[in-house]
Amino acid sequence: MQARGPLMIEHRLIERMIAVIKDALAQIQSSGKINPHFVDTAVDFIRIYADRTHHGKEEEILFHDLDKRPLSAYDRSIMNELIQEHVFGRHTTKALVDANTRYRNGETAALNEIADKLNTLVGFYPKHIEKEDKVFFPASRKYFTGDEDQAMLAEFREFDRKMIHEKYESIVKVLEKPK
Ligand SMILES: [Fe+2]
Ligand SMILES: [Fe+2]
């Protein structure tokens with residue numbers, strides 16, 4: 001498997017979650033409410049899987065390695081766009097968490113903002129994924145030899161291996177905080 005293989009497999013799971021969020025948006029429209037626990041689950045998926053685990057491999061390994069190579073001006077501009085889109089996704093998710101907290105605390109008007117942020121994520125991810133799958137990943141492959149690509153695949157696997165430990169260590173740390 002090429003190094004981009006796991007990234008593209010992860011894209012498919014992100015797309016499935018985006019389809020679930022689309023269904024939730026239709027339910028908001030018809031029922032005028034949302035279960036805040038659903039938003040918690042969607043946020044956990046976006047933060048831990050899509051951002052930390054998936055964007056983490058892209059930024060800390062693929063983009064980091066590419067940054068040291070003689071990228072064409074066009075490829076570098078696409079990479080910078082992708083990095084900015086990751087930042088945009090983080091800001092949108094933070095706003096979604098804030099709106100969900102307000103909604104949970106009884107501010108029913110926050111539902112509009114929850115729907116708006118979910119809608120933003122539903123619009124943003126498929127375009128971002130398509131740009132990587134069809135444009136950037138194929139273009140970036142030429143900057144690596146076959147051996148380098150396989151070494152990156154091994155780095156991806158090592159990165160993933162740490163993720164479950166990182167997640168649960170962070171949960172314990174939060175719970176340990178003095179009240
Ligand atoms: Fe990305
Ligand atoms: Fe990606």
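In listed order, ligands and their atoms are each counted from 1.
- Formation of a donor-acceptor pair under 3.5 Å by the Arg76 side chain with backbone atoms of Asp67 is found in this model.
- Taking 2.8 Å as the criterion, Glu132 counts as a coordinating residue of the Fe ion (ligand 2), since one of its N, O or S atoms falls below it.
- Rounding to 10°, one obtains 90° for the angle at the Fe ion (ligand 1) between NE2 (His86) and OE1 (Glu58).
- Within the coordination shell of the Fe ion (ligand 2), defined by N, O or S atoms under 2.8 Å, His128 is absent.
- At a threshold of 4.5 Å between non-hydrogen side-chain atoms, the residues Thr92 and Phe124 do not count as touching.
- Taking the six-membered ring wherever Trp is involved, the centroid distance between the rings of His11 and Phe137 falls below 6.0 Å.
- Taking backbone and side-chain atoms together, Glu59 has no N/O/S atom less than 2.8 Å away from the Fe ion (ligand 1).
- For the pair Lys167/Asp44, a side-chain contact is recorded, criterion being any heavy-atom separation below 4.5 Å from C-beta on.
- Using a cut-off of 2.8 Å, one finds that His55 contributes no N/O/S atom close to the Fe ion (ligand 2).
- The side-chain heavy atoms of Leu62 and Glu132, taken from C-beta on, include no pair separated by under 4.5 Å.
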